[in-house]
Amino acid sequence: MTNAKKIVVIGAGVAGLTSALQLSKKGYDVTIVAKFMPGDYDIEYTSPWAGANWMSFVKDNQRLANYDRITYGVFQRLVKESPDAGIWRQRCITYVRPEDLDKQSDLLGGLLDERPWFADLVGNFTMLDPSTLPKGYCQGIAYDSVCINVQVYLPWLQSQCFANGVKLKVITLKHIKEAVNLHASGNKADLIVNCTGLLASKLGGVMDSKIYPGRGQTVLVRNHAPAMYNVSGTTDGEDELTYIMSRPGGGTILGGCYQKGNWNGAVDPNLAERIIRRSLELCPELEKDFPLDIVRHNVGLRPSREGGPRVELEDLVGVGKVVHNYGAGGAGYQSSYGMADHVVELVELAFKGQ
């Protein structure tokens, strides 16, 4: 790969790893530099704390819908071809309360529509008969989606990068210009891909003031749910959510909340109690085989951004060409391949004619 263009990707979360993988498949010589890597747990490292699943909440945004569309297709292929990736198919069910029908929600978006944009994309999309809905709900949809065990998927994604020749350096950067001299070849990087998530608000040369945390809290239990569930709202507060995801390989995530601007990484025990109560009310089948058995409580900070994710090419003075890919918020996994493919397009544009 001595003649290949040399790229440094900053960040080893799902955005950075997926971007590095897709770039390596195009023949680029890629080095990842990151403060954290799969296996690490830190409040600044979002990806290990995710649920995660594919449940698109895009509304009236073709760019974001395309990210999710591409990723849905890749995840469906991985279910078939790579059982070791930690992804499995699962039915996803959304219930909507009457009081939420006219709500303008950035978090739920198109999920409040009777027929969301992805109805013709996913398998076995169904609008649920109102007479079959649980008490308190007036509308519902069900469709075939996927759930991702991030503790399996992130190391798998890293291994795919290694198999394609990607190198990884664990290092803390203070300024984006430092990345230019960190390519594993010892030569200067021809281009930088910035996948720093929340740290894009702190990284010198970027310092994106539009970035903010969307604090989430979940409970991981050993019990199993028959499907993935989420609802449009709760009576416990505007920033509290109810969702359930049973992971491949065992364990179920109960959530949650979306607390905008909250950087607190500590578990709120009162919120945990409310999450458990709401989850059991929504899905009593959780305790079908045995009482709720808690593995741990999780807190993660979604890397959200005012105006949506930033995926764009920039020519930075003192750095050179930079492609940014961050700010996906709660859509990090379900948009990952679509955003990474956009990164590849921008990298090819940057090198066009060279």
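This chain uses plain numbering: 1 for the first residue, then up along the sequence. Bear in mind that the values here come from a model prediction, so they are computed numbers and not experimental data.
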- Any salt bridge between Asp120 and Arg115, counting N to O under 4.0 Å? yes

- Intermediate values then yes/no, side-chain hydrogen bond (donor to acceptor under 3.5 Å, both in side chains), Tyr326 and Asp208: CA-CA 10 Å; Tyr326 62 83; Asp208 191 336; 2.6 Å; yes

- Using distance alone, with no hydrogens and no angle criterion, decide if Ser304 and Tyr258 have a side-chain donor and acceptor under 3.5 Å apart. yes

- Could Glu348 and Lys352 be called an ion pair, given the rule that one side-chain N must be under 4.0 Å from one carboxylate O? no

- Classify the side-chain pair Arg89/Gln76 by whether it contains a donor and acceptor separated by less than 3.5 Å. yes

- Quick one: does Ser145's side chain have a donor or acceptor within less than 3.5 Å of a partner on Gln90's backbone? no

- Query: Just how far is it from atom OG of Ser24 to atom CD of Gln22, taken to the nearest 0.5 Å?
  - Reply: 7.5 Å

- Task: Spell out, as yes or no, whether a donor-acceptor pair under 3.5 Å connects the side chain of Tyr72 to the backbone of Ser335.
- Result: no

- Smallest heavy-atom separation, Phe36 atom then Asp40 atom, equals CA-OD2, 3.4 Å

- Message: Taking Gly11's backbone N and O only, do any of them form a donor-acceptor pair with Thr196's side chain (distance below 3.5 Å, no angle check)?
- Response: no

- Message: Can you see whether Asp129 engages Ser131 through a side-chain donor-acceptor pair at a distance of less than 3.5 angstrom?
- Response: yes

- Query: So, for Glu287 and Asn223, which heavy atoms are closest and what is the spacing to 0.1 Å?
  - Reply: CA-ND2, 4.4 Å

- Message: With rounding to the nearest 0.5 angstrom, report the CG to CD distance, Asp100 to Gln139.
- Response: 10.5 Å

- Message: Would you say that Arg215 contacts Trp263 through its side chain, given a criterion of any heavy-atom pair below 4.5 Å between the two side chains?
- Response: no

- Compare all side-chain heavy atoms of Gln151 with those of Arg247 and state whether any distance is below 4.5 angstrom. yes

- Message: Check whether Trp49 reaches the backbone of Asp42 with its side chain - one donor and one acceptor, N or O, closer than 3.5 Å.
- Response: yes

- Query: Under 6.0 Å from the CG atom of Asp315, do we count more than 12 heavy atoms belonging to anything else shown?
  - Reply: yes

- Carefully, step by step, assess Trp54 and Phe118 under the rule ring pair (Phe, Tyr, Trp, His ring centres under 6.0 Å). CA-CA 11 Å; Trp54 192 99; Phe118 57 79; 5.4 Å; yes

- Query: Are the charged groups of Lys321 and Asp190 less than 4.0 angstrom apart, N to O?
  - Reply: no

- Message: Here's one to test your reading of the geometry: is the NZ or CZ of Lys5 within 45 degrees of the ring axis of Tyr28 and under 6.0 Å from its centre?
- Response: no

- May I ask you to test the Leu64-Asp68 pair for a side-chain heavy-atom distance under 4.5 Å? no

- Test item: Arg305 and Tyr212 side chains (from C-beta on) under 4.5 Å apart, heavy atoms: no

- Query: Going through the distances and angles, do Glu281 and Arg277 end up as a salt bridge (charged side-chain N to carboxylate O under 4.0 Å, His left out)?
  - Reply: CA-CA 6 Å; Glu281 289 174 354; Arg277 171 180 53 80; 3.8 Å; yes

- Query: Any luck finding a side-chain donor-acceptor pair between Ser82 and Trp156 under 3.5 Å?
  - Reply: no

- Message: I need the minimum non-hydrogen distance between Ala225 and Ile244, along with the two atoms involved.
- Response: CB-CG2, 3.7 Å

- Query: Regarding Asn230 and Tyr95, is there a side-chain donor-to-acceptor distance under 3.5 Å anywhere?
  - Reply: no

- Query: Are Tyr137 and Val96 co-members of a hydrophobic cluster defined by side-chain heavy atoms under 4.5 Å apart?
  - Reply: no

- Can you tell if the side chain of Asn187 reaches within under 4.5 Å of the side chain of Asn181, non-hydrogen atoms only? no

- Query: So, His183 side chain and Asp29 main chain: donor-acceptor pair closer than 3.5 Å or not?
  - Reply: yes

- Task: Show your reasoning for whether salt bridge (charged side-chain N to carboxylate O under 4.0 Å, His left out) applies to Asp236 and Arg278.
- Result: CA-CA 9 Å; Asp236 291 324; Arg278 294 195 300 262; 2.7 Å; yes

- Can you tell me how far CD1 of Ile192 sits from CD of Glu314, rounded to the nearest 0.5 angstrom? 12.5 Å

- Query: With a 4.5 Å limit on heavy-atom distance, are the side chains of Leu112 and Leu101 in contact?
  - Reply: no

- Item | Modelled atom types, side-chain donor and acceptor of Gln217 and His297, under 3.5 Å | no

- Task: Report yes if some heavy atom in the side chain of Tyr229 is under 4.5 Å from a heavy atom in the side chain of Thr242; otherwise report no.
- Result: no

- Should the heavy atoms of other residues, nucleotides or ligands under 6.0 Å from NZ of Lys25 be counted, would the total exceed 12? yes

- Message: Looking at every non-hydrogen atom in both residues, tell me the closest pair between Pro226 and Glu285 and how far apart they are.
- Response: CD-CB, 4.1 Å

- Message: Restricting to non-hydrogen atoms, name the atom on Ala200 and the atom on Val206 that form the minimum distance, rounded to 0.1 Å.
- Response: O-CG1, 3.5 Å

- Query: Between Lys80 and Trp88, is NZ or CZ placed under 6.0 angstrom from the six-membered ring centre and within 45° of the ring axis?
  - Reply: no

- Query: Donor-acceptor pair, Glu178 side chain versus Leu173 backbone, under 3.5 Å?
  - Reply: no

- Query: Quick one: does Arg310's side chain get under 4.5 Å of Asn325's, heavy atoms only?
  - Reply: no

- Item | CA sep, side-chain torsions, deciding dist, call: Leu191, Val323, side chain to side chain contact (heavy atoms under 4.5 Å, CB included) | CA-CA 8 Å; Leu191 184 144; Val323 174; 4.1 Å; yes

- At what distance, to the nearest 0.5 angstrom, does CZ of Arg222 lie from CG of Leu286? 14.5 Å

- Message: Restricting to non-hydrogen atoms, name the atom on Lys177 and the atom on Gly318 that form the minimum distance, rounded to 0.1 Å.
- Response: CB-O, 4.0 Å

- Query: Measuring from Leu111:CG to Ser56:OG, what's the distance to the nearest 0.5 Å?
  - Reply: 7.0 Å

- Item | CG-CD1 distance between Leu128 and Ile93, expressed to the nearest 0.5 angstrom | 6.5 Å

- Query: Are a donor atom and an acceptor atom from the side chains of Thr218 and Asn298 found within less than 3.5 Å of each other?
  - Reply: yes

- Query: Would one find more than 12 heavy atoms of other residues, nucleotides or ligands at under 6.0 Å from atom CD of Glu238?
  - Reply: no

- Query: Do Val347 and Val311 belong together in a cluster built from hydrophobic side chains that touch within less than 4.5 Å?
  - Reply: yes

- Residues Glu306 and Lys260 bridged, charged N to O under 4.0 Å: yes

